[in-house]
Amino acid sequence: MDKKFNVGIIGATGMVGQRFITLLCNHPWFNIVLVAASPRSAGKRYEDAVGTKWCMDTDIPENVKNLIVKDATADVEDIAKEVDFVFCAVDMKKDEIKALEERYAKAECPVISNNSAHRHTPDVPMILPELNYDHALIIPEQRKRLGTKRGFIAVKPNCSLQGYVPALFPLDKAGYKVKDVLVCTYQAISGAGKTFDTWPEMVDNVIPFIGGEEEKSEKEPLKIWGNIEGNVIVDSKRPNFTAQCLRVPVSNGHMAAAFVRFENKPSKEKILDIWKNYKGKAQELNLPSAPKQFLNYFSEDNLPQTKLQRGLENGMAISIGRLREDTQYDYKFVALSHNTLRGAAGGAVLMAELLAAEGYLDR
């Protein structure tokens, strides 16, 4: 791509906002020109606003340290004039997030959102670029509703489903039709915006409840499987998902144990062949953040492991293992994704690359 887009990060002081900064500081297409956060951070240098809350492995990039933090809610119109689009990862009530993101969109500023607030808004695409890239085609209909020429909202799916849904979707599209899925997810503490320093209770502990995660894990895949009908995306009636989500003492990386039943059961060899050869739109377009090999199968019984494979292809690849027949379902397997990279900021950056390549972010 010949041109660069000037971008802003809304919610820049939080963990996902920090991850956006590390991913974008040397991005070939996107240039950070603005950071925004809550009123208590507004007016401060970014380095001062974050203070001891910076929790990334690398230092704050030099080109971001001295940016003056804008007020994410009070400065919407001014922010919209300074950037080509924004990434949004704010910690607010859901209704407040919905209203804020629509304010940015109506100010003719496209919003690439990590938040869950608009995931079930019928004309807001929820895109996992390798799977349902075509849902971007709903954006002109959303613009009609909002009364905008450029502004729109696009969201990424929840982090908990980013391991097992990419493993299942290609099998379904190959004609085997996924019918029923039971999944248990084992989710890292960074998914709650925490580290072991800030959440010592998680050391040597497992918590068998994560608020809202099971509902998201069961319902969001149906939108990914859905189709555009008229001016809305209509959720698919299948597969049937049931989920149990646990918080485990891991810094980064969500593991899933999945059990699947098909309408047309494939052979194990066919499943492995589909996973090995599957390429999505992100690979076809050779997007900067796209993994070369999206789905990676490990034949060893003790792989994938969170600590070993979560960083595969800069944390953007999916790792799968232990595929075998089951006594109640057709097959069972495990899958791993990096929750703050593929599952959060990295997935949003990849979605923005897709939308940029397809012309949705042009002025």
Side-chain angles (χ1 to χ4, degrees), residues 14-28 30 54-61 87 89 114 128-131 156-167 185-199 202-203 246-258 275-276 278-280 282-283 286-323 333-354:
M15 181 175 284
V16 176
Q18 293 175 27
R19 182 66 78 182
F20 273 124
I21 285 171
T22 62
L23 292 175
L24 296 171
C25 63
N26 294 306
H27 195 280
F30 305 145
W54 182 259
C55 55
M56 299 292 107
D57 294 333
T58 56
D59 293 337
I60 301 173
F87 291 101
N114 185 71
L128 211 163
E130 284 87 353
L131 306 186
K156 50 151 288 300
N158 191 51
C159 55
S160 64
L161 56 81
Q162 304 259 352
Y164 61 91
V165 166
T185 61
Y186 306 88
Q187 301 184 206
I189 62 173
S190 57
K194 304 286 189 180
T195 65
F196 287 115
D197 288 336
T198 60
W199 201 4
M202 273 307 303
V203 176
L246 296 82
R247 188 73 72 192
V248 296
V250 169
S251 58
N252 293 294
H254 288 356
M255 183 78 77
W275 284 345
K276 180 180 179 180
Y278 183 78
K279 294 183 184 298
Q283 286 72 40
N286 196 27
L287 299 177
S289 299
K292 301 300 181 186
Q293 181 64 39
F294 179 42
L295 304 174
N296 297 264
Y297 185 78
F298 294 84
S299 58
E300 298 89 341
D301 287 341
N302 65 341
L303 296 179
Q305 293 181 23
T306 301
K307 194 171 183 178
L308 297 180
Q309 273 78 43
R310 63 189 171 197
L312 189 63
E313 296 224 36
N314 298 314
M316 294 298 289
I318 307 302
S319 300
I320 312 169
R322 303 205 69 208
L323 175 67
F333 63 89
V334 297
L336 171 71
S337 61
H338 195 302
N339 58 296
T340 68
L341 290 169
R342 165 56 74 167
V349 170
L350 184 62
M351 178 172 60
E353 292 169 0
L354 171 69

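All heavy atoms count here, side chains included; hydrogens, waters and symmetry mates do not. Bear in mind the structure is a predicted one, so any value in this text is a computation, not a measurement.
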> Just by distance, do the side chain of T185 and the backbone of A256 share a donor-acceptor pair under 3.5 Å?
Replying inline: no

> Under 3.5 Å, is there a donor-acceptor pair between the R342 and S337 side chains?
Replying inline: no

>> For a 4.5 angstrom cut-off between non-hydrogen side-chain atoms, does N314 reach S289?
In response: no

>> Tell me the closest heavy-atom pair linking I21 and P61, and the distance in Å.
In response: CG2-CD, 3.6 Å

> Will you find, in the side chains of N158 and S160, an N or O donor that is under 3.5 Å from an N or O acceptor?
Replying inline: yes

> What pairs with E353 under salt bridge (Lys or Arg N to Asp or Glu O under 4.0 Å), at least two apart in sequence or on another chain?
Replying inline: none

>> Ignoring hydrogens, what is the shortest heavy-atom contact between S319 and Q309? Give both atom names and the distance.
In response: OG-CB, 3.6 Å

> Is the closest side-chain heavy-atom distance between R19 and T22 below 4.5 Å?
Replying inline: yes

> CH2/W54 to CE/M15 distance, rounded to the nearest 0.5 angstrom?
Replying inline: 11.0 Å

>> Under the rule for side chain to side chain contact (heavy atoms under 4.5 Å, CB included), what residues qualify as partners of V250, not counting sequence neighbours?
In response: A188, V248, T306, R310

>> Students often mix this up, so state it plainly: with edges at 30° and 60°, are the rings of F333 and W275 parallel, tilted or perpendicular?
In response: perpendicular

>> Can you confirm whether N302 is buried at CG, in the sense that more than 12 heavy atoms of other residues, nucleotides or ligands lie under 6.0 Å from that atom?
In response: yes

> Do side-chain atoms of Q162 reach the backbone of N339 as a donor and acceptor pair under 3.5 angstrom?
Replying inline: no

> Has the side chain of Q283 got a donor or acceptor atom that lies under 3.5 Å from a matching backbone atom of Q293?
Replying inline: no

